[in-house]
Amino acid sequence: MKEVRTRFAPSPTGFLHVGGVRTALFAWLVARQNNGLFILRIEDTDQAREVQGSADHIQESLQWLGLDWDRGPGKDGDCGPYFQSQRLGIYKEWAQKLVDKGRAYADPYTPEEVQAFRDKAIAEKRPFLFRDHRPENPPAWDGTKPLRLMSEPKSYEWHDEVLGDLKTGPEVVDDFILMKSDGYPTYNFAHIVDDHLMKITHVIRSQEFLASVPKYLNLYEALEIERPLLATAPFVMGPDGKKKLSKRDGAKDILDYGREGYLPDALVSFMATLGWNDGSEQEVFTRDELISKFKLDRVQRSGAHFDERRLLWANGHFIRALPLDVLFAKVKDFWPNESETYDDNYKKRTLGLVQERMKYFAELPDLTKFFFKDLPVNPSLWQDNKQLKKLDPTEVKSLLETAKSSLEQSDFSTDNLKERLNTLLASTGQKPAVLFGLIRIATTQSPASPGLADTLAVLGKEVSLRRIDNMLAVL
RNA sequence: GGCCCCUUCGUCUAGCGGUCCAGGAUAUUGGGUUCUCAUCCCAAAGAUCGCGGGUUCGAAUCCCGCAGGGGUCACCA
């Protein structure tokens, strides 16, 4: 059987966002599940739009997600180089083949003249076709004029791995530009040549290219090369709009998710299920599950809105599933500054308490800050508390003093603390909401914390009692 | 405007002629887990399956129209 090869072919015009990365993920999954090759090719044929550093940025993004490539920058092999700007000779050679066969010709018009043709077509509400203006005696192609395909308009029927059987009439096949006047190929030409030379078996790309497929089919024939399987991924759409996700309306750099403490596995599972499912009720997938279960023909045909709340849920799910030691290693850059003086064991204990509360790592400082420093006493915490505001200040004070004297006798093990808190509940006759709420506020100066006994056990006797005293001082 | 793609709860989706007066997840709301937040569990609410015709004993599912949305018609990818 033929070796499966897929590719991701971004142009280095900026960062990668969820929309683009999902297409890469689909291609990567197809390669991995077939023990094939995943190739990264940088399509830098537009010098004007190229953004410095973005090729590196794109590679970093894929690496962070764990979408490793077998051929591409830094991974030589049988079909490099992998920057199109380093393959100009190849395109020229293939272009010349078409010229020699009479299947390509130099475009003699100025851009202004072509634009005039186009304007006329638009004014007449017709689609613009360059082949209506094919010159009778085109000049020889010397590389300074655009080179166009001499198309052979005809109807096409083809199969798309996602969309099924498709067909169009000859009206969409046109003499598109193969080589620009700056000597660079167009995407339309370069990707066909490269996919062929790199032996790509599955071309997986997003919807905006669908309308161009008949042109590509025409070019495959002109070049006399076999066409690969074609698959069209639907758009990932913005959260509210009807348009595809774009940098303009706030799509985030995929690396920002890393910076905020999202897990690559969560992103991968989430992106895969944005437009794909295995037909079961499974909502979350490991990487290996995706590799074995992913099928192009189960990819959704319609676009899917990108809802970050669902990603948030998925990320929390993956965080909770992590063994504590693994999670601990992953959050090492997210601790609050005050934690520096604390040892790993202490940090690990606090992490264990907030693990199920954390949706992404950037929340860690907020969730844990009171474990590392005394927060200023904040009267509004008990004055505005639903339960505690019913008590008058002297009651609050005496209740806290009672609690303190009991806790003073505790060894601050979780078990002992639980026992004492229960005893206090009975002896004071207070509801847990009142008593526990008060002790929580005194010891954390925060409206919310992990379970009280657990929290006190981690804080320890000295810190807990000190904080209670701090609060008593202002009551 | 031509051509092409799409259309099930707010969102992601299951569904491929009967078991669907449409299932799951998320989000929302309520309840439970001795307290808060979270987790977990339970429950509620939420889709006249874009609309109209057909075919059929029976249609979200098949056929035909229509509408709406999107893409494309670049020396951008």
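The figures here come from the full heavy-atom set of this structure, side chains too, leaving out hydrogens, waters and symmetry mates. By convention in this document, chain letters (A, B, ...) are assigned in the order of the sequence lines, proteins followed by strands, and residues within each chain are numbered from 1.
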How is [X] classified with respect to the nucleic acid when contacts are heavy atoms under 4.0 Å: base, sugar-phosphate, or nothing?
{"X": "A:P10", "answer": "nothing"}
{"X": "A:T273", "answer": "sugar-phosphate"}
{"X": "A:L274", "answer": "sugar-phosphate"}
{"X": "A:E283", "answer": "base"}
{"X": "A:T168", "answer": "sugar-phosphate"}
{"X": "A:K359", "answer": "sugar-phosphate"}
{"X": "A:G275", "answer": "sugar-phosphate"}

OP1 or OP2 of B:rA14 sitting under 4.0 Å from any side-chain N/O of A:N277? yes
Considering just the side-chain nitrogens and oxygens of A:K180, establish if one lies under 4.0 Å of OP1 or OP2 belonging to B:rA77.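 Checking B:rA77 against A:K180, a side-chain N or O does come within under 4.0 Å of OP1 or OP2.
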Please determine, for B:rU48, whether a Watson-Crick or G-U wobble partner exists with both distances under 3.5 Å, and give it or none.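 None - no nucleotide pairs with B:rU48, as no candidate has both distances under 3.5 Å.
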Heavy atoms from C-beta onward define the side chain here; which of B:rG15, B:rU72, B:rU7 lies closest to that of A:R298?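 Per side-chain heavy atoms of A:R298, the pick is B:rG15.
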Among B:rC3, B:rA77, B:rG1, which nucleotide has an atom closest to any side-chain atom of A:F209? B:rA77
I'd like to know if the side chain of A:D107 reaches the main chain of A:K145, judged simply by a donor and an acceptor atom lying under 3.5 Å from each other, with no hydrogens or angles considered.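 A pair under 3.5 Å: no.
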Are any side-chain N or O atoms of A:D44 and backbone N or O atoms of A:Q84, one a donor and one an acceptor, separated by less than 3.5 Å?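 Yes, because the side chain of A:D44 sits within donor-acceptor range (under 3.5 Å) of the backbone of A:Q84.
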Polar side-chain contact [X]-[N] base: donor and acceptor under 3.5 Å:
{"X": "A:R301", "N": "B:rC6", "answer": "no"}
{"X": "A:N422", "N": "B:rU34", "answer": "yes"}
{"X": "A:T186", "N": "B:rC75", "answer": "no"}
{"X": "A:R310", "N": "B:rA25", "answer": "yes"}

Candidates A:W313, A:Y257, A:F270 - the one meeting side-chain contact (heavy atoms from CB on, under 4.5 Å) with A:E308: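 Among A:W313, A:Y257, A:F270, the one that satisfies the side-chain contact (heavy atoms from CB on, under 4.5 Å) with A:E308 is A:Y257.
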With rounding to the closest Å, how many angstrom separate the C1' atoms on B:rG46 and B:rU29? 11 Å
Taking B:rC51 as the reference, what is the distance to B:rG32 when you measure between their C1' atoms (whole Å, please)? 45 Å
Would A:K347 and A:F328 count as a cation-pi pair here, with the cationic atom under 6.0 angstrom from the ring centre and within 45° of the axis? no
Can you tell me how far apart CG (A:D307) and CE (A:M237) are? Round to the nearest 0.5 Å.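 Between atom CG of A:D307 and atom CE of A:M237 there are 12.5 Å.
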